[in-house]
Colleague: 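Here it is: the structure, laid out below.
In what follows, chains are A, B, ... by sequence order, proteins preceding strands, each numbered from 1. In what follows, every heavy atom counts, from backbone to side chain, and hydrogens, waters and symmetry copies are set aside.
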Number of protein chains: 2
Amino acid sequence: MNKVKTDPRIQRTRKLIMDSFMELSSEKEFKDITVKDITTEAMINRATFYYHFEDIYDLLEKILSEVLLVNLDCDYYQNNNLNEKALVNIFIAITNFQKSLSNRCHRGYEDTIARIIREQLEIIFYRMLLKQNKKEEDEALKITAVILSWGIYGASVEWRRNSKKIEPEEFIKSAIPYIMSGVDFGLA
Amino acid sequence: MNKVKTDPRIQRTRKLIMDSFMELSSEKEFKDITVKDITTEAMINRATFYYHFEDIYDLLEKILSEVLLVNLDCDYYQNNNLNEKALVNIFIAITNFQKSLSNRCHRGYEDTIARIIREQLEIIFYRMLLKQNKKEEDEALKITAVILSWGIYGASVEWRRNSKKIEPEEFIKSAIPYIMSGVDFGLA
DNA sequence: TTGAAAATGTCGTTTATACAACACATTGAA
DNA sequence: TTCAATGTGTTGTATAAACGACATTTTCAA
């Protein structure tokens with residue numbers, strides 16, 4: 001998609017930092033991880049960290065976004081319509097993502113993670129809506145994306161709360177008819 | 001020993017290059033490995049390779065030296081005398097090293113490898129001899145180191161030629177009395 | 001044998017990283 | 001409280017690495 005030629009040094013260093021953070025995450029909680037810890041693990045200078053990330057929260061955000069995007073298979077959604085199949089896939093991706101997160105220790109940062117997931121969802125929904133609608137309705141599309149992102153994320157929270165008794169696919173499918181008609185309505 | 005603070009970038013890059021070379025070595029022969037192959041595998045610029053090594057032979061030499069030195073447990077020999085035990089250990093290290101090499105494909109470069117091993121041996125023997133003798137005999141010590149290095153290396157070749165029927169330890173021990181008296185003689 | 005493609009080795013310029021030093025905030029124990 | 005230790009975020013300077021270009025050399029198929 002993007003013809004970006006990022007400096008290999010940047011790719012390498014970002015990967016080093018992210019991998020080190022993931023490694024540390026599996027050892028201790030987020031609140032106990034310092035920038036020094038990360039840079040020591042990554043064998044880079046501390047100042048270099050700040051060259052790439054604003055602070056440790058910025059790093060967390062970017063890592064989560066990236067991991068989530070991998071789960072969401074970005075390309076797929078950028079080229080497809082927002083239909084039942086897409087919604088189901090997205091929901092499954094989110095629940096998978098949350099399963100993989102629950103292994104790592106991010107206690108106390110659920111809110112941050114929630115916000116990041118929701119923001120990513122919003123972006124994806126908005127893109128898909130833009131593709132199949134006129135640009136004049138821009139504001140309406142944005143709002144629709146917001147509502148959908150909150151809604152779908154909320155559903156994943158509810159699914160977790162129910163101790164994951166039902167499979168994600170089944171869980172979301174039961175609600176989709178209502179969502180879809182809402183979407184149709186919103187887009188006139 | 002050395003209080004060297006090498007720039008971490010240098011350590012990283014050297015390791016990247018060496019690891020990439022090792023990786024490629026297990027895939028194809030030395031003669032088919034180009035500098036471009038290595039730098040591509042290491043994800044560094046080709047010019048950077050020449051910043052660290054003169055050419056691909058220089059890399060080979062340094063890698064072999066390093067691997068050999070690890071096998072030889074440098075520190076140990078730098079702090080001990082050249083006695084039967086040391087000679088046996090060194091011989092075992094060499095045969096171990098050669099076993100590990102035979103897995104990788106360095107066909108056609110046995111001569112180079114042989115020279116590198118012998119040169120390393122010479123350095124080690126010379127250091128050990130220096131430690132237990134007067135400096136006035138410098139030239140004599142150098143020559144002794146040369147003879148010992150060729151001799152021990154030759155023994156390892158002979159050991160390989162004999163299809164490795166005997167254990168290295170046993171093999172070298174049978175000859176040590178003659179070597180040691182030779183050493184004693186040489187050092188008056 | 002020849003000529004095109006690939007590999008080698010070098011150079012100058014730009015950019016990313018190392019490092020030390022700094023002011024400031026937070027923490028925790030005396 | 002106070003003070004010492006630890007973490008944060010920034011800055012200036014030195015240096016390693018990226019990159020593109022170049023002249024040679026090597027390779028190898030036509």
Colleague: Only counting residues at least two apart or in another chain, list the ones meeting salt bridge (charged side-chain N to carboxylate O under 4.0 Å, His left out) with B/E41.
Modeller: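 Not a single residue meets the salt bridge (charged side-chain N to carboxylate O under 4.0 Å, His left out) criterion with B/E41.
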Colleague: Calculate the interatomic distance between B/R46 atom CZ and C/dT10 atom P; express it in whole Å.
Modeller: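 Between P of C/dT10 and CZ of B/R46: 11 Å.
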Colleague: Using side chain to side chain donor-acceptor pair (under 3.5 Å) as the criterion, list what pairs up with A/K173, not counting sequence neighbours.
Modeller: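 Per chain and number, A/K173 pairs via side chain to side chain donor-acceptor pair (under 3.5 Å) with A/E169.
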Colleague: How many whole angstroms separate atom CZ of B/F49 from atom P of D/dG20?
Modeller: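 Distance check: B/F49 CZ to D/dG20 P gives 20 Å.
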Colleague: For A/D37 and for B/R14, locate the closest nucleotide of DNA chain D by heavy-atom distance; then report the residue assigned to the nucleotide nearer the 5' terminus.
Modeller: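 That would be A/D37.
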Colleague: Between A/I17 (CD1) and C/dA16 (P), how many Å, whole number?
Modeller: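 Taking CD1 of A/I17 and P of C/dA16, I get 14 Å after rounding.
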Colleague: So, OP1 or OP2 of D/dA18: does either fall under 4.0 Å of a side-chain N or O from A/R12?
Modeller: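 Answer is yes, contact under 4.0 Å.
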Colleague: Identify, between A/P8 and A/D55, the residue whose nearest nucleotide on DNA chain D lies closer to the 5' end.
Modeller: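 Nearest nucleotide further toward 5': that of A/D55.
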Colleague: Find the distance A/D32:CG to D/dT6:P and express it as a whole number of Å.
Modeller: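 Answer to the nearest Å: 16 Å.
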Colleague: At under 4.0 Å, does any side-chain N or O of B/Y50 touch on OP1 or OP2 of C/dT10?
Modeller: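 So the side chain of B/Y50 is outside the cut-off, no N or O lying under 4.0 Å from OP1 or OP2 of C/dT10.
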Colleague: May I have all residue pairs that pass salt bridge (charged side-chain N to carboxylate O under 4.0 Å, His left out) and include part of residues 12-21 of chain B, sequence neighbours excluded?
Modeller: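 Listed once each, the pairs are B/K15-B/D19.
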Colleague: Name all residues meeting the salt bridge (charged side-chain N to carboxylate O under 4.0 Å, His left out) criterion together with A/R9; count only those two or more places apart in sequence or in a different chain, and write none if there are none.
Modeller: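 Salt bridge (charged side-chain N to carboxylate O under 4.0 Å, His left out) list for A/R9, sorted by chain: A/D7.
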Colleague: Check salt bridge (charged side-chain N to carboxylate O under 4.0 Å, His left out) between A/D55 and all other residues, then give those that pass, not counting sequence neighbours.
Modeller: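 For A/D55 there are no salt bridge (charged side-chain N to carboxylate O under 4.0 Å, His left out) partners, ignoring immediate neighbours.
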Colleague: Between the axis at one end of the helix from C/dT1-D/dA30 to C/dA30-D/dT1 and the axis at the other (five pairs apiece), what's the angle to 10 degrees?
Modeller: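 Comparing the axis at each end, I get an angle of 40°.
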Colleague: Quick one: list whatever passes ring-ring contact (aromatic ring centres under 6.0 Å, His included) with A/Y126, sequence neighbours left out.
Modeller: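 ring-ring contact (aromatic ring centres under 6.0 Å, His included) list for A/Y126, sorted by chain: empty.
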Colleague: Compute whether any side-chain donor of one residue and acceptor of the other, for B/T48 and B/N45, lie under 3.5 angstrom apart.
Modeller: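 The answer is no; no qualifying pair exists.
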Colleague: Quick check on the 6.0 Å ring-centre criterion: do A/F91 and A/Y153 meet it?
Modeller: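 No, too far apart.
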Colleague: How is the hydrophobic cluster of B/M43 composed, in terms of its other members, when Ile, Leu, Val, Met, Phe, Trp and Tyr link through side-chain heavy atoms under 4.5 Å apart, directly or indirectly?
Modeller: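 Its cluster mates, by chain and number: none.
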Colleague: Over how many whole Å does the gap from B/K36 atom NZ to D/dG20 atom P extend?
Modeller: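 Result: 11 Å.
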Colleague: Under 4.0 Å from OP1 or OP2 of C/dA16: is there any side-chain N or O of A/T13 that close?
Modeller: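 The answer is no; no side-chain N or O of A/T13 sits under 4.0 Å from OP1 or OP2.
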Colleague: Could you run down the sub-3.5 Å N/O contacts of the protein with nucleotides 11-15 of chain D?
Modeller:
residue, atom, partner, partner atom, Å
D/dT15, O2, B/R9, NH1, 3.0
D/dT15, O2, B/R9, NH2, 3.4

Colleague: Following the transitive rule for hydrophobic clusters with a side-chain heavy-atom cut-off under 4.5 Å over Ile, Leu, Val, Met, Phe, Trp and Tyr, establish whether B/F171 and B/V88 coincide in one cluster.
Modeller: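 Linked within one cluster.
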Colleague: Starting at CG of A/N45 and ending at C1' of D/dG9, how long is that distance when rounded to a whole Å?
Modeller: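 Checked: the CG to C1' distance equals 13 Å.
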Colleague: Checking all strands, does B/I44 fall into the base, sugar-phosphate, or nothing category for heavy-atom contacts under 4.0 angstrom?
Modeller: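 Sugar-phosphate: the residue B/I44, judged by heavy atoms under 4.0 Å, touches backbone atoms but no base.
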Colleague: Between D/dG9 atom C1' and A/I56 atom CD1, what is the distance in whole Å?
Modeller: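 Those two atoms, CD1 and C1', are 13 Å apart.
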Colleague: When you measure from the side-chain N and O atoms of B/H52 to the phosphate of D/dA16, is any distance below 4.0 Å, counting only OP1 and OP2?
Modeller: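 No, because none of the side-chain N or O atoms of B/H52 sits under 4.0 Å from OP1 or OP2 of D/dA16.
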Colleague: Separation of A/Q11 atom CD from D/dA18 atom P, in whole Å?
Modeller: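 Computing the A/Q11:CD to D/dA18:P distance gives 11 Å.
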